Amino acid sequence: MDRTHNKQHHHHHFSLANTAHQRCNEWIFRDVPSDITIEVNGVTFSLHKFPLVSRSGRIRRLVAEHRDSDISRVELLNLPGGAECFELAAKFCYGINFEITSTNVAQLCCVSDYLEMTEHFSKDNLGSRAEEYLDSIVCKNLEMCVEVLKQCESLLSLADELKIVSRCIDAIASKTCVEQIASSFSRLEYSSSGRLHMSKQAKCDGDWWIEDISVIRIDMYQRVITAMKCRGVRPESIGASLMSYAEKELTKKSTLWNPSSQTKVDSNSTSHEKLVVETIVSLLPVEKHAVPINFLFGLLRSAVMLDCAIASKHDLERRIGSQLDVATLDDVLIPSFKHASDTLFDVDTVHRILVNFCQQEDSEDDLDDASVFESASPHSPSQTALVKVARLVDNYLAEIAPDANLKLSKFLVIAETLPTHARTVHDGLYRAIDIYLKAHTSLSDLDKKKLSKLIDFQKLSQEAGAHAAQNERLPLQSIVQVLYFEQLRLRNSLSCSYGDDDHKPTMHQSWRISSGALSAAMSPRDNYASLRRENRELKLELARLRMRLNDLERDHVCMKRDMAKSGSRKFMSSFSKRIGKLSLFGHSSSRGSSSPSKNSQRTDSKVIDRTCASTE
């Protein structure tokens, strides 16, 4: 393999030497024999001393130093631009005309500096010619500046020293700023009222340069964008340029944006992509919404996969958290690139984004404390954002819940990150928890209770409440709460359905006042007493419900025992007797709750104490 490579390398130099020799024969003096041979990167040029020493200070010095030995061969090491660039310099020494263009002006500036082809040795020398073309032609044209920057990639140290790069970058920044100002003036127009305003366009005409600068190397691009920021180019234009550059440098690598691909990635390619991502993150404008949030999520996915610097990932998470309310479910579904036994999605990254969102909301609330009315308003922007993010989180939980490797602790930490007032309705959270319970059947009763505590059953819709009341995956205590709140909702709706107190049934007189609403016809003291009486009766009803559920469980155990001891006839008669004694709310039995006995009251009072302790 190495031998083949060496042969190819030798053949390449041989072909280059032949080509250079053929080109020299076309413009060299044929009638005068050569008296000096110049070697550049293995390529030799048979030339004459006089034309070279009259223009080049370096060659003049080398010849003078070896005058006694009658030097006839000179090797020029590390000559910028290589053999092709030296050929142009030699042609200039011989007076052969050639065209200076944006593709060779950087090399000519560097080789003239290397060969010391300055005005000190000859008037209108190569250095001054190249500099004049660079300043008067290249720096006035953005496309030419970009082309020169591309040529400087292989001449970076010397090109920086000669300020070729900085002059082109300043010219690009100035040109884009001028174009943007001109475009802004062209968009000015008068409204019907005679006022001057800026017309809205989908894309600014002054942003035509975005595609042009996206072809340069990442280090050059970073310096160009930094110069544009200093010149005051609009953040939206900077963001559009960053998106265009990322699309060209990253989306062409299928493994970055398609995690399912099993293509083996070269380490050099990966390091380049990592550098691109980290650089683009550092160049992002500080202004909010300067780039769309889906682009930020795309950068974050790439940063996670490429294991970019922690500072870059945290910066992206902070930016995403500041505008999380406009994100979609597809955005937050970030694949996990860790080992196979881990979760399918990167839950930790989403949790950090949520923490950033909540901290941002807290800071905004602190700023709004001066205006009490705005901060207390339920329709303030922060509350609207909280509601949107809460809906997004519930959908995200439902999406990751079926993952068998998703631990309960991670599910809980995502669900508990947002404040309690963020969820006005708990249907989405209940759906996610139900999916998790269905996928993780081995959960203990304690873990199920931890999940159920997340749900505020008062905030369930009628459909979700009906489903939860029959959900066998929920703990028994949660089902009791659902039934209690459903009964409370039913009684409140019944009390509100009556228009006149005289036509209400006597058994519902204690429910005249709906929960949370005051009657204008009653004094505050009577109203407070009525609310307390209503609360006591609600607690009593809950205690009776729990007591009857306990009786049902004990009777179930007894029925199993009776089934084992006696025949089916005796079992059925015993079952029918016990069922006849039971009534869920106590209204259908002749021993209903309207006139309980003293013993039942004593039992109810004990259960009420336990209920109050548990609910409080």
Side-chain angles (χ1 to χ4, degrees), residues 13 16-17 19-21 23-24 27-28 34-67 71-135 137-139 144-145 147-169 217 219-220:
H13 277 300
L16 261 180
T19 304
H21 181 70
R23 287 200 299 262
C24 285
W27 52 268
I28 203 69
S34 173
D35 58 355
I36 189 170
T37 301
I38 306 294
E39 183 179 351
V40 180
N41 296 343
V43 181
T44 58
F45 297 86
S46 299
L47 304 172
H48 303 86
K49 292 181 182 179
F50 178 74
L52 297 178
V53 299
S54 63
R55 294 279 190 176
S56 172
R58 188 185 188 97
I59 296 178
R60 178 184 297 186
R61 188 171 61 253
L62 290 173
V63 171
E65 290 174 356
H66 299 83
R67 182 176 298 176
I71 184 172
S72 62
R73 188 179 186 90
V74 175
E75 183 180 3
L76 299 178
L77 300 174
N78 302 321
L79 186 139
E84 293 184 359
C85 192
F86 175 77
E87 183 181 354
L88 293 178
K91 280 186 176 182
F92 185 84
C93 293
Y94 277 84
I96 307 299
N97 292 328
F98 64 89
E99 185 180 4
I100 300 179
T101 65
S102 59
T103 58
N104 61 21
V105 65
Q107 288 91 334
L108 292 176
C109 287
C110 292
V111 77
S112 63
D113 180 79
Y114 179 88
L115 294 175
E116 300 175 17
M117 300 177 68
T118 62
E119 297 296 303
H120 178 72
F121 299 100
S122 176
K123 187 178 180 181
D124 291 335
N125 212 339
L126 181 60
S128 59
R129 293 280 188 90
E131 288 287 337
E132 181 183 3
Y133 182 84
L134 183 66
D135 292 333
I137 304 298
V138 172
C139 290
M144 285 187 173
C145 288
E147 181 63 35
V148 171
L149 288 180
K150 285 183 64 65
Q151 300 301 322
C152 288
E153 292 173 359
S154 58
L155 311 164
L156 199 53
S157 59
L158 186 55
D160 264 332
E161 185 179 338
L162 298 176
K163 297 185 179 180
I164 302 174
V165 176
S166 60
R167 279 183 283 177
C168 290
I169 289 175
R217 205 168 63 185
D219 53 341
M220 296 285 190

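The residues of the chain are indexed from 1 along the displayed sequence. Quick caveat, the model's predicted, so the values are computed rather than measured.
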Asker: Quick one: does Tyr94's side chain have a donor or acceptor within less than 3.5 Å of a partner on His48's backbone?
Answerer: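 Yes.
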
Asker: Does Arg129 have any salt bridge (Lys or Arg N to Asp or Glu O under 4.0 Å) partners at least two apart in sequence or in another chain, and if so, which?
Answerer: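 With sequence neighbours excluded, Arg129 shows a salt bridge (Lys or Arg N to Asp or Glu O under 4.0 Å) to no residue whatsoever.
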
Asker: Over all heavy atoms of both residues, which pair between Leu155 and Pro80 is shortest? Give the atoms and the distance, please.
Answerer: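 Minimum heavy-atom separation between Leu155 and Pro80: CD2-CB, 3.8 Å.
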
Asker: Who pairs with Glu147 by side chain to side chain donor-acceptor pair (under 3.5 Å), at least two apart in sequence or on another chain?
Answerer: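 Only Gln151 meet the side chain to side chain donor-acceptor pair (under 3.5 Å) criterion with Glu147.
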
Asker: Apply side chain to side chain contact (heavy atoms under 4.5 Å, CB included) to residues Arg217 and Leu156 and explain how you reach the verdict.
Answerer: CA-CA 12 Å; Arg217 205 168 63 185; Leu156 199 53; 3.6 Å; yes

Asker: Could you give all pairs that pass the side-chain hydrogen bond (donor to acceptor under 3.5 Å, both in side chains) test and reach residues 154-163, with sequence neighbours left out?
Answerer: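 Counting only pairs at least two positions apart or across chains, the side-chain hydrogen bond (donor to acceptor under 3.5 Å, both in side chains) contacts touching residues 154-163 are Asp160-Arg223.
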
Asker: Of all heavy-atom pairs between Ser54 and Pro51, which one has the smallest distance, and what is that distance?
Answerer: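 For Ser54 and Pro51, the tightest heavy-atom pair comes out as OG-O, 2.8 Å.
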
Asker: Answer whether the closest heavy-atom distance between the side chains of Cys110 and Leu162 falls below 4.5 Å.
Answerer: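 Sidechains of Leu162 and Cys110: in contact.
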
Asker: For Ser122, check side chain to side chain donor-acceptor pair (under 3.5 Å) against everything at least two apart and list the hits.
Answerer: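 For Ser122 the side chain to side chain donor-acceptor pair (under 3.5 Å) partners, ignoring immediate neighbours, are Arg55.
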
Asker: Taking only residues two or more places apart in sequence or in another chain, which ones pass side chain to side chain donor-acceptor pair (under 3.5 Å) with Thr118?
Answerer: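 If we apply the side chain to side chain donor-acceptor pair (under 3.5 Å) test to Thr118, skipping adjacent residues, there are no hits.
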
Asker: Which of these, Ile59, Ile36, Leu62, sits in a side-chain contact (heavy atoms from CB on, under 4.5 Å) with Val53?
Answerer: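 Option passing the side-chain contact (heavy atoms from CB on, under 4.5 Å) with Val53: Ile59.
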
Asker: Quick one: list whatever passes ring-ring contact (aromatic ring centres under 6.0 Å, His included) with Phe92, sequence neighbours left out.
Answerer: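 Per chain and number, Phe92 pairs via ring-ring contact (aromatic ring centres under 6.0 Å, His included) with no residue.
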
Asker: On a heavy-atom basis, which atom in Cys109 and which in Ala130 lie closest, and how many Å separate them?
Answerer: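 Closest heavy-atom pair between Cys109 and Ala130: SG-CB, 3.5 Å.
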
Asker: So, using salt bridge (Lys or Arg N to Asp or Glu O under 4.0 Å) as the criterion, who are the partners of Glu131 when residues are at least two apart?
Answerer: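 Residues passing salt bridge (Lys or Arg N to Asp or Glu O under 4.0 Å) with Glu131: Arg167.
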
Asker: Kindly write out the residues that satisfy side-chain contact (heavy atoms from CB on, under 4.5 Å) with Leu88, not counting sequence neighbours, or none if the list is empty.
Answerer: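 If we apply the side-chain contact (heavy atoms from CB on, under 4.5 Å) test to Leu88, skipping adjacent residues, the hits are Phe98, Asn104, Leu108.
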
Asker: So do the side chains of Leu149 and Ile169 get within less than 4.5 Å of each other, counting heavy atoms only?
Answerer: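 Sidechains of Ile169 and Leu149: in contact.
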
Asker: Are side-chain heavy atoms of Arg61 and Glu116 found at a separation under 4.5 Å?
Answerer: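 A side-chain contact exists here, since the closest heavy-atom pair is under 4.5 Å.
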
Asker: Report the residues that fulfil side-chain contact (heavy atoms from CB on, under 4.5 Å) with Glu99, sequence neighbours left out, ordered by chain and then residue number.
Answerer: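 Testing Glu99 for side-chain contact (heavy atoms from CB on, under 4.5 Å), a comparison that skips the adjacent residues, returns Thr101.
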
Asker: Name all residues meeting the side-chain contact (heavy atoms from CB on, under 4.5 Å) criterion together with Ala89; count only those two or more places apart in sequence or in a different chain, and write none if there are none.
Answerer: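 side-chain contact (heavy atoms from CB on, under 4.5 Å) check on Ala89 returns Val111, Leu115, Met117, Leu126.
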
Asker: Decide side chain to side chain contact (heavy atoms under 4.5 Å, CB included) for Ile38 and Leu52; before the verdict, give the C-alpha distance in whole Å, the side-chain angles of both, and the deciding distance to 0.1 Å.
Answerer: CA-CA 10 Å; Ile38 306 294; Leu52 297 178; 4.2 Å; yes

Asker: With side chains defined as the heavy atoms from C-beta onward, is the minimum distance between Phe50 and Asp35 less than 4.5 Å?
Answerer: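 A side-chain contact is absent here, since even the closest heavy-atom pair is not under 4.5 Å.
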
Asker: Check this for me: Asp124, atom CG, are more than 12 non-hydrogen atoms of other residues, nucleotides or ligands nearer than 6.0 Å?
Answerer: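 Yes, enclosed.
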
Asker: Side chain to side chain donor-acceptor pair (under 3.5 Å) with Glu39: which residues, sequence neighbours excluded?
Answerer: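 Listed in chain order: Arg73.
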
Asker: Walk me through it: do Asp113 and Leu158 pass the test side chain to side chain contact (heavy atoms under 4.5 Å, CB included)?
Answerer: CA-CA 9 Å; Asp113 180 79; Leu158 186 55; 3.6 Å; yes

Asker: Closest approach of Thr37 and Ser46, non-hydrogen atoms and distance?
Answerer: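 Heavy-atom minimum between the residues: OG1-OG, 4.3 Å.
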
Asker: Locate the shortest heavy-atom distance separating Val148 from Cys168; write the atom from each residue and the value.
Answerer: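 What the structure gives for the nearest pair is CG1-SG, 3.6 Å.
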
Asker: Between Tyr114 and Leu77, which heavy-atom pair has the shortest distance, and what is it?
Answerer: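 Closest approach of Tyr114 to Leu77, heavy atoms only: OH-O, 2.5 Å.
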
Asker: Walk me through whether Cys152 and Met220 qualify under side chain to side chain contact (heavy atoms under 4.5 Å, CB included).
Answerer: CA-CA 9 Å; Cys152 288; Met220 296 285 190; 4.0 Å; yes

